[in-house]
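Remarks on the structure that follows.
Count residues from 1 along the sequence.
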Amino acid sequence: MNSSARRGALLCALTAIATSVTPAAATAQANAPRPSAPRFAACPDSVPEPPAPDHVECARLSVPLDWERPSGPRIEIAVSRIRASGAPSERRGILLVNPGGPGGSGLPYAVTKRAKLPESVRRSYDVVGFDPRGVGESAPVGCGAMGGLFDSPGADPVPAGPAQERALLGSLRSMADDCAAEAGDELPYMSTEQTARDMDAIRAALGEWRTNLLGVSYGTYLGAAYAALFPHRTGRMVLDSVVGPWDWYDFDVTQSRALLRQRDTFFAWTADHPDHFGLGGDARAVRAAYIRVREGLAAHPVEGFGPSEFDRAVYRALGRTERWAGLAEGIGAYLRDGGAEGLRPEDDFSAPDSRNYEAANRIVKCADGPGPAPGRILADIRATRRIDPQPVLTGMEASTCAYWHHRPDRRTPLGSRDAPPVLLVASAHDPVTPVEGARELGRKLPGSRLVTLENDYSHGIFASRGNPCVDDTVAAYLLDGEVPATDVRCTGPGLPSVP
């Protein structure tokens with residue numbers, strides 16, 4: 001059922017004034033009937049089949065739209081599972097996995113991430129993925145045009161004066177209006193806190209006593225929210241590439257400035273290989289080449305690829321060092337022949353899955369707590385432009401919360417002193433989730449340990465970067481349940497080599 005039809009079915013049962021989640025939801029959830037065991041069957045086409053003899057199966061779990069009213073309207077959460085491959089005596093339970101976002105689909109992630117996990121973990125856990133509410137196969141949300149977000153070329157996202165600042169605020173207001181028009185009745189119920197309660201329903205439906213989790217990026221925020229709500233049901237949690245326990249808008253600002261540091265590193269790295277990239281022999285020359293490309297695309301977009309699309313490509317590339325060479329080569333190609341094919345991503349930004357991701361991202365962030373004042377958004381952009389006049393603001397997604405139609409009156413609780421220690425994993429120079437967020441979240445989960453991959457510049461570490469120190473440390477924790485005696489520092493790969 002599409003989102004419009006589903007909203008029509010729910011409309012008569014929704015209250016005119018939405019309420020935010022309160023501690024009363026804990027009592028409501030405790031009194032809710034235990035979910036029946038899900039009936040697993042074939043998966044949607046979006047879920048790949050793992051190599052034999054492993055097999056993935058999928059099911060749908062009915063949950064309340066609002067956990068404070070368990071007898072009210074319901075939605076379905078799509079769940080995938082690959083059973084542990086080891087002997088029954090090796091099994092440790094379920095390992096829920098979440099790839100990040102908010103807005104990322106977890107249904108296929110059970111297959112794709114499990115394939116990279118150490119064999120000992122695959123033998124010990126049923127790996128369970130799920131599409132969070134509002135995403136993919138789980139009551140997907142939409143926001144229509146999203147204030148012109150999918151226009152091609154899009155408006156320049158970095159305002160350089162009063163007129164452009166007013167236009168930016170206008171587009172943020174339009175985005176909020178579009179989300180309210182498409183998903184207005186559901187806006188209060190697509191929060192991280194509600195999704196954490198869905199996770200506990202998955203645990204209960206599968207007959208497990210504890211929820212074990214591998215959460216990456218936004219998945220760490222989701223895990224921290226689960227620990228706050230259900231500390232005594234929290235099992236072994238690996239929180240990889242940690243979102244700091246701040247308001248989403250504060251996180252976005254922190255990230256935007258970390259991206260500037262990462263981009264400077266990229267400029268210097270590119271300058272170290274002048275014969276290969278041909279962009280100059282020092283960071284200043286490479287930066288000048290970068291600015292020429294962006295200014296050229298702003299003046300004359302290439303087949304719908306303008307400054308907004310360029311910034312989006314840069315944002316994506318800066319987060320993983322294996323993408324740096326492609327970015328540098330794309331900049332060089334544009335300067336040589338004026339083409340943007342080397343910069344244009346393969347995936348269509350306006351495709352249905354992308355539209356769902358972008359809508360869910362804003363809806364979740366704005367449901368998780370109060371938004372910023374419009375004046376603060378402009379003040380922060382000006383401050384960032386004083387650091388560098390041409391920043392990358394692509395990740396400033398929570399700015400639209402300034403105009404959100406549903407105004408939460410409190411932040412999502414994160415962490416608990418009653419939860420068991422968990423394992424945090426971070427890259428020392430990750431610009432997407434800066435390492436200070438991991439340190440801060442660790443204070444909200446006493447006894448937890450931080451595994452830091454030093455001399456590393458990428459987002460996503462465990463079973464991703466191929467680092468034995470990280471992978472062995474995390475696997476040992478997942479198998480025996482004991483965090484290391486102290487924080488762990490692993491030696492990272494350094495800056496990438498030129499292919």
[X] and [Y]: side chain donor to acceptor below 3.5 Å:
{"X": "Tyr290", "Y": "Arg263", "value": "yes"}
{"X": "Thr211", "Y": "Tyr226", "value": "yes"}
{"X": "Asp368", "Y": "Thr192", "value": "yes"}

Where the side chain of [X] meets the backbone of [Y], is there a donor-acceptor pair that is under 3.5 Å apart?
{"X": "Ser241", "Y": "Thr433", "value": "no"}
{"X": "Arg411", "Y": "Pro245", "value": "yes"}
{"X": "Arg355", "Y": "Ser350", "value": "yes"}
{"X": "Asp247", "Y": "Tyr249", "value": "no"}
{"X": "Asp252", "Y": "Ala398", "value": "yes"}
{"X": "Asp126", "Y": "Ala84", "value": "yes"}

Between [Y] and [X], does any NZ, NE, NH1 or NH2 come within less than 4.0 Å of an OD or OE carboxylate oxygen?
{"X": "Asp264", "Y": "Arg287", "result": "no"}
{"X": "Asp54", "Y": "Arg122", "result": "no"}
{"X": "Arg336", "Y": "Glu329", "result": "no"}
{"X": "Arg261", "Y": "Asp388", "result": "no"}

Handout entry: Whether Phe310 and Phe305 hold their rings parallel, tilted or perpendicular, with breakpoints at 30° and 60°
Key = perpendicular
Exercise for the section: For the pair Tyr221 and Trp248, name the ring-plane relationship: parallel under 30°, tilted 30 to 60°, perpendicular over 60°. Expected result: tilted
Side chain proximity check, [X] to [Y], heavy atoms < 4.5 angstrom:
{"X": "Ser105", "Y": "Asp353", "value": "no"}
{"X": "Leu96", "Y": "Met199", "value": "yes"}
{"X": "Trp324", "Y": "Thr270", "value": "no"}
{"X": "Tyr125", "Y": "Leu117", "value": "no"}

Exercise for the section: Assess whether side chain to side chain donor-acceptor pair (under 3.5 Å) is satisfied between Arg320 and Ser464, documenting all intermediate values. Expected result: CA-CA 11 Å; Arg320 296 283 296 193; Ser464 178; 3.2 Å; yes
Going from [atom1] on [X] to [atom2] on [Y], what distance comes out if it is rounded to the nearest 0.5 angstrom?
{"X": "Arg236", "Y": "Leu478", "atom1": "CZ", "atom2": "CG", "result": "7.5 Å"}
{"X": "Cys490", "Y": "Asp456", "atom1": "SG", "atom2": "CG", "result": "10.5 Å"}
{"X": "Thr234", "Y": "Leu445", "atom1": "OG1", "atom2": "CG", "result": "8.5 Å"}

Practice task
Show your working on side chain to side chain donor-acceptor pair (under 3.5 Å) between Tyr109 and Asn98 and close with a plain yes or no.
Solution key: CA-CA 7 Å; Tyr109 195 61; Asn98 179 274; over 6 Å; no
